[in-house]
Every structure is written in C-alpha cells, then in structure tokens.
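Report on the structure given below.
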2 protein chains.
Amino acid sequence: MHSKKYYKAIHQIIVTGHWITDQVGKDLKEYGITEPQFNVLRILKGQKGDPITVQEIQERMVQRSSNVTRIVDKLLDKELVNRQECPTNRRKMDITITQKGLEELEKLDDKVGHFHDQFQGNLSEEELETLATLIKKLKGE
Amino acid sequence: MHSKKYYKAIHQIIVTGHWITDQVGKDLKEYGITEPQFNVLRILKGQKGDPITVQEIQERMVQRSSNVTRIVDKLLDKELVNRQECPTNRRKMDITITQKGLEELEKLDDKVGHFHDQFQGNLSEEELETLATLIKKLKGE
DNA sequence: TGCATTTATTTGTTTAAACGATTAATGTAT
DNA sequence: ATACATTAATCGTTTAAACAAATAAATGCA
C-alpha cells in the first residue's frame with residue numbers, strides 16, 4: 001500500500017501535465033495546428049538546419065513512429081517542412097523545417113509563451129529547481 | 001521570456017504525467033480496460049454505493065461528458081456498472097458500480113499498485129509533500 | 001397553463017491515436 | 001553473390017477523442 005502523500009503528489013503531476021498540454025493544445029488550435037505537430041516543428045527548429053529522420057523525431061516525442069509519418073504529412077501540406085530521401089540511406093527520410101515553418105513557429109511560440117506568463121513568477125528559481133529535481137528523483141533518475 | 005529552470009520543471013511535469021498514464025494504460029490493457037474506464041470505476045467505488053450522474057463523473061474526470069456516456073456504455077457491456085434513470089429527475093442517470101465491477105477493480109488496483117511500487121520509497125514523505133505543494137503553487141493555488 | 005430557457009444525456013461526425021502489417025533498402029553470413 | 005535478417009518508413013484498420021448538434025425533461029415565468 002502506498003502513502004496518501006504519494007498519491008497526492010502523483011495525482012498533481014498527472015493532472016497538471018495533462019492540463020498544460022490540453023491548454024496549449026487549445027491555444028494552438030486557433031492556428032490550425034495540433035500539439036504533436038507543434039512539437040515536431042520545435043524539434044526541427046532545434047536542429048538548426050540539420051536534417052533529422054522520422055525515427056529520430058519519434059524518439060524525441062514518445063510517439064509511435066507510424067504516426068510521425070502522418071504528422072509530417074500534415075506539416076508538408078502546410079508547407080512548414082521539407083521531406084526528402086536521405087542521400088546516404090534511401091530508407092531514411094530527411095526532414096527539415098522551412099522558412100515558412102520557422103515564421104509560423106515564431107507565432108506559435110509567442111502564443112504558448114503567453115500561456116506560460118501566468119505561471120512565471122509563481123515559483124522562485126530555487127523552487128523550480130527543487131521541483132524538477134524531486135520529479136526526477138521520484139522516477140529514480 | 002521564461003527561465004530555463006521554468007521550462008525544465010514544466011517539461012518534467014508534462015513528460016512524467018503522460019508517461020505514468022501511458023504505463024498504467026498499458027497495464028490495464030491486459031485486462032481489456034482503458035484508463036478512462038478505470039477512472040470511472042474508481043470514482044464509482046468512491047461513492048460507496050451512492051449513485052452518481054454522468055455529469056458528476058465528467059466533472060471529476062476532466063473529460064467531455066459526451067464521451068462519458070460511451071465510457072459507461074462500455075462498462076455496462078462488461079456488467080461492471082449499472083445505469084438507471086434517476087427517480088427524482090428523469091433527465092439524469094444514476095450510475096453505480098456492480099459487485100462484479102468492485103471485484104474487477106480490486107484486480108486492477110492491484111496491478112496499478114504494483115506499477116507504483118517501483119517509485120514508492122524514492123521520495124520521503126516530506127519530499128512528497130513538498131512536491132505536491134510546489135506544483136499547486138506553480139498553478140497559483 | 002403555455003412557452004421559452006436551461007439542464008442532462010445521448011448521438012453523429014470528423015479527426016487523430018494505437019497497433020499491426022507491408023514495402024523497400026540495407027546489413028550480414030555463408 | 002545470394003539468401004536471410006534487420007531497419008526505416010509508410011499504409012490499413014480498428015478504436016477512441018473532440019466537438020457539434022439533437023433529444024428530452026425540468027424549470028422559470030408571463
């Protein structure tokens with residue numbers, strides 16, 4: 001049997017984690033983009049021009065790679081990314097973000113940033129550090 | 001712009017929250033039940049025999065009530081719950097858990113409990129308390 | 001009472017997630 | 001070099017989520 005405090009802490013993490021992605025998802029919807037699509041764009045931006053494969057995207061997303069293909073499909077439709085065969089391994093696909101994708105992402109980041117504004121300042125830097133550390137410790141990291 | 005520590009803490013919450021529900025969901029799948037269905041069963045058990053309406057379930061689930069009907073449908077198919085018209089207000093439905101539902105839930109709780117076993121002990125009671133408090137404070141509660 | 005409004009649940013429809021199977025390219029062992 | 005296994009991405013199908021609309025009962029009130 002687990003302690004009450006254990007479940008309360010776990011519950012906070014679960015509820016808050018889902019609540020944040022839900023809220024962000026709603027904000028993004030105004031821009032006709034889903035949360036996973038947004039995530040892919042951010043990953044691609046982080047590559048700073050370097051191409052990345054479907055598999056690598058999947059690894060950073062904790063999502064089935066089967067669906068990453070379809071997420072990239074959607075982004076292609078909107079011309080926010082490029083997809084081309086990897087020259088050294090024709091099984092792989094090189095995905096990059098387009099200029100339009102970068103511009104769109106800037107708007108999205110802005111919107112998401114405003115969502116976070118309301119929480120910024122509720123915890124001190126030290127408290128934020130403690131929070132992250134405690135969750136990692138909870139997971140055994 | 002938000003601090004690095006802010007994003008790290010938020011990231012931990014999101015990733016961990018989703019990871020836990022994913023893992024629990026996988027465990028439950030062996031028993032042919034989904035996470036939302038499991039949630040409804042737990043809410044019903046908490047009622048200790050007291051009937052509860054679809055709407056009240058929805059409020060405790062942070063889910064669209066449109067889908068709660070369908071979740072209850074699934075549970076009815078498995079004979080884990082009862083649904084009957086509320087005698088005082090015929091718009092409402094009184095949902096209760098059946099004996100079979102309680103027995104099934106016991107098994108599920110057991111399985112989920114074993115999942116949590118691995119983390120129990122990673123944090124002290126005091127740390128768990130701090131963790132829950134910090135998340136609440138982050139949200140401004 | 002009669003009628004508009006609100007409340008509670010259900011149903012319909014579109015979209016995305018989960019999972020498996022498939023295709024195609026590459027790596028490896030004989 | 002050929003056969004076999006592995007890897008990478010895609011496609012197909014089933015199931016659930018999101019959202020809107022519909023149904024039906026209760027409430028408020030002129």
Side-chain angles (χ1 to χ4, degrees), chain A residues 17-19 21-41 43-44 51-78 81-96, chain B residues 17-19 21-41 43-44 51-78 81-96:
Chain A
H18 282 82
W19 180 76
T21 51
D22 279 5
Q23 293 302 310
V24 169
K26 279 176 191 167
D27 277 354
L28 293 172
K29 174 158 277 186
E30 293 173 30
Y31 294 84
I33 215 156
T34 65
E35 222 258 338
Q37 286 170 31
F38 172 66
N39 252 307
V40 169
L41 287 180
I43 290 167
L44 292 175
I52 188 176
T53 66
V54 170
Q55 194 187 17
E56 287 168 311
I57 293 173
Q58 186 257 318
E59 282 161 8
R60 300 200 198 167
M61 301 231 331
V62 193
Q63 255 223 305
R64 281 233 110 48
S65 81
S66 347
N67 295 323
V68 171
T69 296
R70 280 183 262 241
I71 292 169
V72 171
D73 285 344
K74 298 279 166 58
L75 294 172
L76 266 172
D77 288 346
K78 297 176 209 157
V81 303
N82 284 126
R83 172 167 59 193
Q84 63 182 106
E85 217 172 56
C86 172
T88 63
N89 188 336
R90 294 197 299 137
R91 281 174 303 185
K92 298 186 181 181
M93 294 306 258
D94 278 346
I95 318 290
T96 49
Chain B
H18 281 83
W19 181 77
T21 49
D22 279 5
Q23 293 301 312
V24 169
K26 279 176 192 166
D27 278 354
L28 294 172
K29 175 159 278 186
E30 294 173 31
Y31 294 84
I33 216 156
T34 65
E35 221 258 338
Q37 286 170 31
F38 172 67
N39 253 307
V40 169
L41 286 180
I43 290 167
L44 292 175
I52 187 175
T53 66
V54 169
Q55 193 185 19
E56 288 168 310
I57 294 173
Q58 187 258 319
E59 282 162 9
R60 301 200 197 167
M61 301 232 329
V62 193
Q63 256 221 304
R64 280 236 109 47
S65 82
S66 346
N67 295 324
V68 171
T69 297
R70 281 183 263 239
I71 291 169
V72 171
D73 285 344
K74 299 280 167 59
L75 294 172
L76 265 172
D77 288 345
K78 297 176 211 159
V81 303
N82 283 127
R83 172 167 58 193
Q84 64 183 104
E85 216 172 56
C86 172
T88 64
N89 188 336
R90 294 197 299 137
R91 282 174 302 184
K92 298 186 180 180
M93 293 306 255
D94 278 346
I95 318 290
T96 49

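Proteins come first, then strands; the chains are lettered A, B, ... in the order of their sequence lines, and each starts at number 1. This is a predicted model, so every value here is computed, not measured.
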Of all heavy-atom pairs linking A:Leu44 and A:Ile95, the shortest is CD2-O, 3.7 Å
Pairwise N/O distances under 3.5 Å, protein to nucleotides 8-11 of chain D:
{"residue": "D:dA8", "atom": "OP1", "partner": "A:Gln55", "partner atom": "OE1", "Å": "3.0"}
{"residue": "D:dA8", "atom": "OP2", "partner": "A:Gln55", "partner atom": "OE1", "Å": "3.3"}
{"residue": "D:dA8", "atom": "OP2", "partner": "A:Gln55", "partner atom": "NE2", "Å": "2.7"}
{"residue": "D:dA9", "atom": "OP1", "partner": "A:Val54", "partner atom": "N", "Å": "3.2"}
{"residue": "D:dA9", "atom": "OP1", "partner": "A:Met93", "partner atom": "N", "Å": "3.2"}
{"residue": "D:dA9", "atom": "OP2", "partner": "A:Gln55", "partner atom": "N", "Å": "2.7"}
{"residue": "D:dT10", "atom": "OP1", "partner": "A:Arg83", "partner atom": "NH1", "Å": "3.4"}
{"residue": "D:dT10", "atom": "OP2", "partner": "A:Thr69", "partner atom": "OG1", "Å": "2.7"}

Out of curiosity, A:Gln37 CD to A:Asn39 CG, how far, rounded to the nearest 0.5 Å?
-> 10.5 Å
Distance in Å, A:Asp94 CG paired with A:Ile52 CD1, rounded so as to fall on 0.5 Å steps | 10.0 Å
Relative to the 5' end of DNA chain C, which residue comes earlier, A:Lys74 or A:Thr88, by the nucleotide with the nearest heavy atom?
-> A:Lys74
Dump every N/O contact between nucleotides 1-4 of chain D and the protein below 3.5 Å, one line per pair.
none

Do A:Leu41 and A:Val81 have side-chain heavy atoms sitting under 4.5 Å apart?
-> yes
For A:Arg90, report the nucleic acid contact type (base, sugar-phosphate, nothing); a contact means any heavy atom under 4.0 Å.
-> sugar-phosphate
Under 3.5 Å, which donor-acceptor pairs link side chains of residues 84-92 of chain B to any protein atom two or more places apart or in another chain?
{"residue": "B:Asn89", "atom": "OD1", "partner": "B:Arg91", "partner atom": "N", "Å": "3.1"}
{"residue": "B:Asn89", "atom": "OD1", "partner": "B:Arg91", "partner atom": "NE", "Å": "3.3"}

DNA chain C: first to last nucleotide in contact with chain A (atom under 4.0 angstrom from a heavy atom), 5' to 3', is C:dA16 to C:dT26
Could you tell me whether the side chain of A:Lys78 and the main chain of A:Ile33 form a donor-acceptor pair under 3.5 Å?
-> no
Residue pair A:Lys29/B:Gln37 against DNA chain D: nearer the 5' end by closest nucleotide is B:Gln37
Terminal helix-axis angle for the helix from C:dT1-D:dA30 to C:dT30-D:dA1, with five pairs defining each axis and rounding to 10 degrees = 10°
Donor-acceptor contacts under 3.5 Å from residues 57-68 of chain A side chains, at least two apart:
{"residue": "A:Gln58", "atom": "NE2", "partner": "A:Gln63", "partner atom": "O", "Å": "2.9"}
{"residue": "A:Arg60", "atom": "NH1", "partner": "A:Gln47", "partner atom": "OE1", "Å": "3.2"}
{"residue": "A:Arg60", "atom": "NH2", "partner": "A:Gln47", "partner atom": "OE1", "Å": "3.2"}

